[in-house]
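See structure below.
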There are 2 protein chains.
Amino acid sequence: MAVEEQPEYDPHDYPPVAATVDIVALTIRGEVPHVLLIRRGETPHKNSWALPGGFIRPDEDLATAALRELAEETHLIVAPHLEQLGTYGTPGRDPRMRVISVAHLAIAAGLPEPKSGSDAADAQWVPLSRLGFGDSDETLPLAFDHAAILAAAVERARAKLEYTPIATSFLPQEFTIAQLRAIYESLWNEPLHAANFHRKVRSVPGFVIDTGHIAPSGTDKGGRRARLYRAGDATLLHPALLRPSTTPPTA
Amino acid sequence: MAVEEQPEYDPHDYPPVAATVDIVALTIRGEVPHVLLIRRGETPHKNSWALPGGFIRPDEDLATAALRELAEETHLIVAPHLEQLGTYGTPGRDPRMRVISVAHLAIAAGLPEPKSGSDAADAQWVPLSRLGFGDSDETLPLAFDHAAILAAAVERARAKLEYTPIATSFLPQEFTIAQLRAIYESLWNEPLHAANFHRKVRSVPGFVIDTGHIAPSGTDKGGRRARLYRAGDATLLHPALLRPSTTPPTA
DNA sequence: CCAATAGTGTCTGTAAGACAATATTGG
DNA sequence: CCAATATTGTCTTACAGACACTATTGG
């Protein structure tokens with residue numbers, strides 16, 4: 001850390017800084033990735049969309065603060081996956097005062113409809129496609145530098161699909177390979193070869209474990225019923241599942 | 001960020017938080033990776049080693065603060081590579097007050113001997129091997145949670161060697177493939193197959209560019225003189241140079 | 001039976017690791 | 001010439017992507 005000098009400095013010798021957390025909460029609803037956003041009720045950026053977040057409390061760890069803020073918005077108690085994304089502290093990013101915000105990425109399966117929390121006029125799951133991540137070129141404006149934070153979160157998630165089992169965090173306890181593939185396809189925004197994906201996933205040690213169960217009739221139009229899997233204990237995927245687009249054909 | 005409520009809140013309504021930066025500066029000196037540490041002159045942790053760092057100034061960006069603190073220790077003006085590592089804010093990590101510190105990783109070639117800055121009794125390049133990263137099991141104790149920060153930095157650097165051209169940041173403008181290999185070997189702490197490494201590096205588009213120059217007599221004991229290369233424009237390596245150890249033989 | 005989805009078999013090209021062989025260079 | 005380092009050739013194996021084919025299941 002720091003503070004090598006003045007062994008008994010006074011905190012008030014230094015300008016006030018607000019320490020906050022912001023959360024990019026991602027989930028999949030109906031094959032489509034969504035992010036939790038709130039509609040700001042106050043200036044600045046009144047009525048525009050923003051990431052949920054808030055002040056870090058005195059004796060609260062950073063991750064704890066992120067989970068608390070998330071819970072206040074969604075009433076979700078635990079997120080299967082939470083990680084620190086990065087810290088945003090450019091002077092002027094909040095016009096009111098110096099704010100240093102630790103951004104987090106949270107991922108969970110089928111999160112419930114959010115309920116408006118005390119500090120948000122409205123909280124809602126918004127498809128990533130409406131924020132510039134997808135086929136549509138629609139791009140809802142976000143408050144502050146939240147567009148940059150969201151972009152970092154989406155890229156982090158996309159990258160981590162390659163070499164970690166993070167995709168399973170979007171799914172229920174038991175899932176089919178097709179459901180897993182849908183996570184990859186919707187986040188990477190491109191179709192994957194079903195047969196090759198199937199074999200590849202099953203060949204990565206510790207990625208998925210066959211439960212022996214069979215999924216109920218998935219669709220209404222026939223088709224073989226799929227086996228159900230659960231997440232394995234691997235934390236890193238070897239070999240990785242590389243993105244088709246990021247793999248330039250040795251061009 | 002946050003601050004959805006109280007449109008005209010008073011910063012002093014919230015408990016004082018110190019915002020700092022810490023820097024893990026890595027360089028290679030004589031084939032051996034070193035980290036810049038300072039000897040603390042004051043309590044707490046008086047006389048133990050710590051990472052350089054300090055308060056973020058009022059109108060200073062996070063990266064700017066990191067570079068400034070680094071410059072104060074080493075008189076180094078620019079680091080070829082600087083990235084944010086993560087933020088450490090567990091309550092109690094500094095016994096004096098709540099400190100939230102944004103840790104950075106800096107990499108540079110052959111950095112000069114540090115000069116003791118104003119806020120450090122002594123600053124010095126310390127081999128990573130003396131901190132638990134290497135063959136030796138020596139482990140100098142570090143102040144605060146700096147051991148965890150250093151561990152994160154080393155792992156980040158090791159991982160980034162695989163898929164980014166970060167290794168070239170440790171080297172001068174022009175370098176040989178053998179020098180590049182020495183970076184990988186010393187940080188990964190394992191020998192690499194020289195012939196295969198050579199071909200692999202040259203086959204990754206945009207990793208290194210042949211300058212047409214030939215290195216002067218490298219050793220005193222003969223040997224063909226190597227070609228000199230400079231860093232290419234790739235930001236991501238395709239294909240990656242995977243660590244031997246991280247690649248379990250599909251076990 | 002037909003349509004649709006799940007899962008397996010093969011084949012081809014790329015790339016990694018092992019090892020051999022060639023090219024230089026100081027002494 | 002000898003020792004040491006640089007660079008290139010070959011061969012074997014692993015894995016990704018393409019495609020064909022088999023297995024189920026609803027209607």
Side-chain angles (χ1 to χ4, degrees), chain A residues 31 161-163 174-182 184-185 188 190-205 207-208 210-229 236-251, chain B residues 31 161-163 174-182 184-185 188 190-205 207-208 210-229 236-251:
Chain A
E31 309 268 293
L161 288 180
E162 292 188 318
Y163 58 94
E174 296 199 346
F175 52 84
T176 67
I177 301 289
Q179 286 178 298
L180 187 65
R181 179 163 47 85
Y184 279 85
E185 291 180 329
W188 284 350
E190 56 191 319
L192 299 178
H193 188 117
N196 288 339
F197 182 86
H198 190 279
R199 182 186 18 250
K200 197 147 59 168
V201 165
R202 294 200 37 170
S203 75
V204 176
F207 191 4
V208 298
D210 193 332
T211 63
H213 305 164
I214 303 292
S217 54
T219 68
D220 51 331
K221 278 300 177 191
R224 181 175 174 175
R225 286 185 292 169
R227 262 180 271 188
L228 285 169
Y229 296 83
L236 248 22
L237 304 184
H238 277 289
L241 285 80
L242 299 180
R243 272 179 279 192
S245 46
T246 317
T247 308
T250 317
Chain B
E31 309 267 294
L161 288 180
E162 292 188 319
Y163 58 94
E174 297 199 345
F175 52 84
T176 68
I177 302 288
Q179 287 178 298
L180 187 65
R181 179 163 48 85
Y184 279 86
E185 291 180 328
W188 284 350
E190 56 192 320
L192 299 178
H193 188 116
N196 288 340
F197 181 86
H198 191 279
R199 182 185 19 249
K200 196 147 60 166
V201 165
R202 294 201 36 172
S203 74
V204 176
F207 191 3
V208 298
D210 193 331
T211 63
H213 304 166
I214 302 292
S217 54
T219 69
D220 52 330
K221 276 302 175 189
R224 180 174 174 175
R225 285 184 293 169
R227 262 180 271 189
L228 286 169
Y229 297 82
L236 248 21
L237 304 184
H238 276 289
L241 285 80
L242 298 180
R243 271 179 280 192
S245 47
T246 317
T247 308
T250 318

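Residue numbering restarts at 1 for every chain, and letters A, B, ... go by the order of the sequence lines.
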**Report entry** Atom-to-atom span, NZ of B:K200 to P of C:dA15 - whole angstrom
**Finding:** 11 Å

Report task. Would you mind reading off the distance between A:F175 atom CZ and C:dA6 atom C1', rounded to a whole angstrom? Result -> 16 Å

Interface polar pairs with nucleotides 20-23 of chain D, N/O, under 3.5 angstrom:
{"unit_1": "D:dA23", "atom_1": "O4'", "unit_2": "A:R224", "atom_2": "NH1", "d": "3.4"}

Query - Note, B:Y163 side chain near B:L241 side chain (heavy atom, < 4.5 Å) - result: no

Query raised in the report: The side chain of B:A226 lies closest to which of these nucleotides: D:dG17, D:dT7, C:dG17?
Result: D:dT7

Requested in this report: Measure from the side-chain heavy atoms of B:R227 and tell me the nearest of D:dT7, D:dG17, D:dG9.
Outcome: D:dT7

Query - Closest non-hydrogen atom pair, A:A215 against A:L228 - result: N-CG, 3.8 Å

Query - Partner residues of B:R224 under the side chain to side chain donor-acceptor pair (under 3.5 Å) criterion, sequence neighbours left out - result: none

Query raised in the report: How large an angle, rounded to 10°, do the end axes of the helix from C:dC1-D:dG27 to C:dG27-D:dC1 enclose when each is built from five base pairs?
Result: 0°

Requested in this report: By nearest nucleotide on DNA chain C, pick out whichever of A:I177 and B:I214 is the more 5' one.
Outcome: A:I177

Query raised in the report: For the side chain of B:Y184 and the backbone of B:L161, is there at least one donor-acceptor N/O pair under 3.5 Å apart?
Result: yes

Query raised in the report: With respect to the phosphate group of C:dA6, does any side-chain polar atom (N or O) of A:H198 fall under 4.0 Å of OP1 or OP2?
Result: no

Requested in this report: Go through A:E174 and A:H213 one step at a time and tell me if the side-chain contact (heavy atoms from CB on, under 4.5 Å) criterion holds.
Outcome: CA-CA 9 Å; A:E174 296 199 346; A:H213 305 164; 3.0 Å; yes

Query raised in the report: Once you round it to whole Å, what is the distance between P of C:dT14 and CG of B:L242?
Result: 19 Å

Report task. Would you kindly give the CZ-to-P distance between B:R225 and D:dA6, to the nearest whole Å? Result -> 13 Å

Report task. Round to a whole Å and report the spacing from CD of B:Q179 to P of D:dT7. Result -> 11 Å

**Report entry** Length of the line joining B:N196:CG and D:dA14:C1', which is rounded to integer Å
**Finding:** 15 Å

Requested in this report: Measure the distance from CG on A:L180 to P on C:dG7 and round it to the nearest whole Å.
Outcome: 12 Å

Requested in this report: Indicate, yes or no, whether a donor-acceptor pair under 3.5 Å links the base of D:dG9 to the side chain of B:R199.
Outcome: yes

Report task. Grab the two heavy atoms, one from A:R199 and one from A:N196, that are nearest each other, plus how far apart they are. Result -> NH2-OD1, 2.8 Å

Report task. Consider the side chain of A:R181, meaning its heavy atoms from C-beta on, and name the nucleotide among C:dA6, C:dC19, D:dG26 that approaches it most closely. Result -> C:dA6

Query raised in the report: Taking C-beta and beyond as the side chain, do A:E185 and A:E190 meet within less than 4.5 Å on heavy atoms?
Result: no

Report summary line: Of the candidates D:dG17, D:dA4, D:dG26, the side chain of B:K221 sits closest to D:dA4

**Report entry** Heavy-atom pair with the smallest gap, counting every atom of B:L192 and B:P244
**Finding:** CD2-CG, 3.8 Å

Requested in this report: Just call it for A:A194: base, sugar-phosphate, or nothing, with non-hydrogen atoms closer than 4.0 Å on any strand.
Outcome: nothing

**Report entry** Derivation of the side-chain contact (heavy atoms from CB on, under 4.5 Å) call for A:V201 and A:Y229
**Finding:** CA-CA 11 Å; A:V201 165; A:Y229 296 83; over 6 Å; no

Query raised in the report: Which is it for A:R202 and A:R227 under the side-chain contact (heavy atoms from CB on, under 4.5 Å) test, yes or no, and what are the steps along the way?
Result: CA-CA 12 Å; A:R202 294 200 37 170; A:R227 262 180 271 188; 3.5 Å; yes

Query raised in the report: For A:L241 and D:dA14, what is the distance between atoms CG and C1' respectively, to the nearest whole Å?
Result: 15 Å

